[in-house]
Amino acid sequence: MSTVSESIFEAIDIIVKQRLDLSSFDKTVTCTIVSYEGDGKYKVQDEGGVIYDAYSKNFNYEPKEKVYVLIPLGQYSNTKIILNSHFTHF
């Protein structure tokens with residue numbers, strides 16, 4: 001492939017990555033329940049070790065249980081919501 005073609009593809013790749021970084025998408029992450037704080041509030045820990053609050057109408061989650069957590073618009077400053085248990089076997 002020519003150097004000009006490679007440069008064009010690299011430029012397109014950079015533009016696409018920048019546009020995606022500026023876009024807002026909901027994000028779902030797998031977390032582990034750390035504790036129940038009351039009133040639907042849980043402490044959860046993500047796979048990177050970060051602990052934060054997440055909320056659920058289900059009050060039956062137990063410590064060490066894996067759950068899916070919704071990060072609205074991919075912004076961790078938003079209220080995070082526990083969607084469901086993370087099932088490892090079907």
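Residue Ser35 holds its OG atom at 9.0 Å from NZ of Lys41, rounded to the nearest 0.5 Å. Atom-to-atom distance recorded for Lys43:NZ and Asp53:CG is 3.5 Å, nearest 0.5 angstrom. Distance NZ/Lys17 to CD1/Ile12: 13.0 Å, rounded to 0.5 Å. Between atom CD of residue Glu47 and atom OG1 of residue Thr32 there is a gap of 7.5 Å, rounded to the nearest 0.5 Å.
Side-chain contact between Val44 and Tyr52 is present, with at least one heavy-atom pair separated by less than 4.5 Å. Using a 4.5 Å cut-off on side-chain heavy atoms (C-beta onward), Thr28 and Val69 make no contact. Taking 4.5 Å as the limit, every side-chain heavy atom of Val67 sits out of range of all side-chain heavy atoms of His86. Side chains of Cys31 and Lys66 form no contact here, defined as non-hydrogen atoms less than 4.5 Å apart. At a threshold of 4.5 Å between non-hydrogen side-chain atoms, the residues Phe9 and Val4 do not count as touching.
The six-membered or imidazole ring of Tyr61 lies away from that of Tyr36, with a centre-to-centre distance of 6.0 Å or more.
Of all heavy-atom pairs spanning Ser56 and Asn58, the tightest one is OG-N, 2.9 Å. Nearest approach of Pro63 to Val34, heavy atoms of both residues: CB-O, 3.7 Å. Across all their heavy atoms, Tyr42 and Asn60 have their closest contact at OH-N, 3.5 Å.
Atom CG of Asp13 has more than 12 neighbouring heavy atoms from other residues, nucleotides or ligands inside a 6.0 Å radius.
A chain of hydrophobic side-chain contacts below 4.5 Å, direct or via other Ile, Leu, Val, Met, Phe, Trp or Tyr residues, connects Phe59 to Ile33. Criterion: ILVMFWY side-chain heavy atoms under 4.5 Å apart, direct or through other members. Under it, Val29 and Val50 are part of a common hydrophobic cluster.
Under a 3.5 Å cut-off, the side chain of Gln18 and the backbone N or O of Ile15 do not form any donor-acceptor pair.
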Would you give me the side-chain donor-acceptor pairs under 3.5 Å for residues 76-83, sequence neighbours excluded?
unit_1: Asn78; atom_1: ND2; unit_2: Pro72; atom_2: O; d: 2.8
unit_1: Lys80; atom_1: NZ; unit_2: Tyr76; atom_2: O; d: 2.7
unit_1: Lys80; atom_1: NZ; unit_2: Asn78; atom_2: O; d: 2.9

